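Okay, structure first, notes after.
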Amino acid sequence: MLQKTYIKSRKKCKVKFQVPENQVPTWINIKSLALVGDFNEWDPKANPMKATKKGVFQTIIEIEPGEEIQFRYLANDRHWFNAWEADSYVPNEFGSENCVVRGSKGVE
């Protein structure tokens with residue numbers, strides 16, 4: 001799940017990325033989950049996702065309004081999967097797709 005909130009004081013779009021355990025592919029036993037993308041140079045250590053008591057992995061980043069970033073989720077440093085509610089998808093060089101999210105000036 002993606003949640004966007006525009007922060008007027010900083011003129012930024014806060015994006016909360018959430019992955020409930022029941023949306024993780026069933027064949028993956030998650031030990032670690034990271035949000036990786038072009039905004040963090042695809043570094044799995046830059047934006048680790050923390051599990052809440054309700055079993056939802058989440059992290060938050062800020063992007064510019066109108067900015068588009070590409071991202072994917074990386075479980076256990078080896079299993080890639082997508083957010084099915086992304087704004088759009090683009091092919092990547094590995095034969096799959098990256099998710100795209102766009103910064104907004106309001107809740108979408």
Side-chain angles (χ1 to χ4, degrees):
M1 178 176 0
L2 299 174
Q3 228 175 15
K4 300 177 191 178
T5 307
Y6 181 65
I7 304 167
K8 290 180 184 178
S9 62
R10 293 199 307 268
K11 297 182 180 172
K12 297 277 188 176
C13 179
K14 179 173 81 170
V15 184
K16 182 188 283 188
F17 295 81
Q18 297 178 308
V19 180
E21 280 187 87
N22 65 0
Q23 289 184 5
V24 175
T26 55
W27 52 272
I28 301 175
N29 180 19
I30 292 190
K31 295 178 181 142
S32 66
L33 186 61
L35 174 68
V36 293
D38 56 6
F39 62 94
N40 65 12
E41 298 182 16
W42 301 93
D43 180 357
K45 297 194 186 321
N47 296 93
M49 299 182 78
K50 305 228 188 261
T52 66
K53 291 179 183 178
K54 294 182 178 182
V56 176
F57 293 88
Q58 65 182 24
T59 193
I60 298 171
I61 65 167
E62 291 183 6
I63 59 177
E64 300 290 329
E67 180 181 7
E68 288 189 355
I69 62 165
Q70 294 184 31
F71 72 95
R72 294 190 80 192
Y73 298 119
L74 180 61
N76 305 335
D77 291 321
R78 63 186 295 209
H79 301 293
W80 296 90
F81 65 97
N82 284 349
W84 303 118
E85 67 283 347
D87 294 331
S88 62
Y89 303 89
V90 295
N92 64 33
E93 62 190 79
F94 302 105
S96 58
E97 293 182 326
N98 293 338
C99 304
V100 176
V101 67
R102 285 178 208 86
S104 66
K105 285 190 176 183
V107 177
E108 291 184 13

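Predicted model, so just to flag it, every value in this text is computed and none were measured.
For the salt bridge (Lys or Arg N to Asp or Glu O under 4.0 Å) condition, the pairs that include at least one residue of residues 43-66, sequence neighbours left out, are Arg10-Glu62, Lys12-Glu64. Among pairs with a residue in residues 65-80, those fulfilling salt bridge (Lys or Arg N to Asp or Glu O under 4.0 Å) read Glu68-Arg102, at least two apart in sequence or across chains. Screening residues 30-42 for side-chain hydrogen bond (donor to acceptor under 3.5 Å, both in side chains), with sequence neighbours left out, gives Asn40-Asn47. Among residues at least two apart or in separate chains, ring-ring contact (aromatic ring centres under 6.0 Å, His included) pairs with a member in residues 17-36 are Phe17-Phe71, Trp27-His79.
Remark: Gln3 pairs with Lys16, Gln18 by the side chain to side chain contact (heavy atoms under 4.5 Å, CB included) rule, at least two apart or across chains. By the side chain to side chain contact (heavy atoms under 4.5 Å, CB included) test, Pro65 pairs with Tyr6, Lys105, sequence neighbours left out. Shown here are the side chain to side chain contact (heavy atoms under 4.5 Å, CB included) partners of Ala51, two or more places apart in sequence or in another chain: Phe57. Phe39 pairs by the ring-ring contact (aromatic ring centres under 6.0 Å, His included) definition with nothing, not counting sequence neighbours.
Put simply, Met49 and Ile69 are part of the same group of oily side chains (I, L, V, M, F, W, Y) that touch within less than 4.5 Å, one to the next. Both Val19 and Val15 belong to a single network of hydrophobic side chains, linked directly or stepwise wherever heavy atoms of I, L, V, M, F, W or Y lie under 4.5 Å apart.
The shortest distance between side-chain heavy atoms of Val24 and Tyr73 does not fall below 4.5 Å.
The distance from atom CG of Leu2 to atom CD of Glu85, rounded to the nearest 0.5 Å, is 4.5 Å. Remark: Asn76 CG to Leu33 CG distance equals 8.5 Å, nearest 0.5 Å. Separating the CD1 atom in Ile60 from the CG atom in Leu35 is a distance of 11.5 Å, to the nearest 0.5 Å.
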What do the steps show when you test Ile30 against Glu21 for side-chain contact (heavy atoms from CB on, under 4.5 Å), and what is the final call?
CA-CA 9 Å; Ile30 292 190; Glu21 280 187 87; over 6 Å; no
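Taking Ile, Leu, Val, Met, Phe, Trp and Tyr as members and joining any whose side-chain heavy atoms lie under 4.5 Å apart, directly or through other members, the hydrophobic cluster of Trp84 also contains Tyr89. Other members of the cluster containing Val100 are Val90, with ILVMFWY side chains joined at under 4.5 Å, either directly or via other members.
Of all heavy-atom pairs spanning Ala34 and Pro44, the tightest one is CB-O, 3.3 Å. In terms of heavy-atom proximity, Cys99 sits nearest to Ala83 at SG-N, 3.3 Å.
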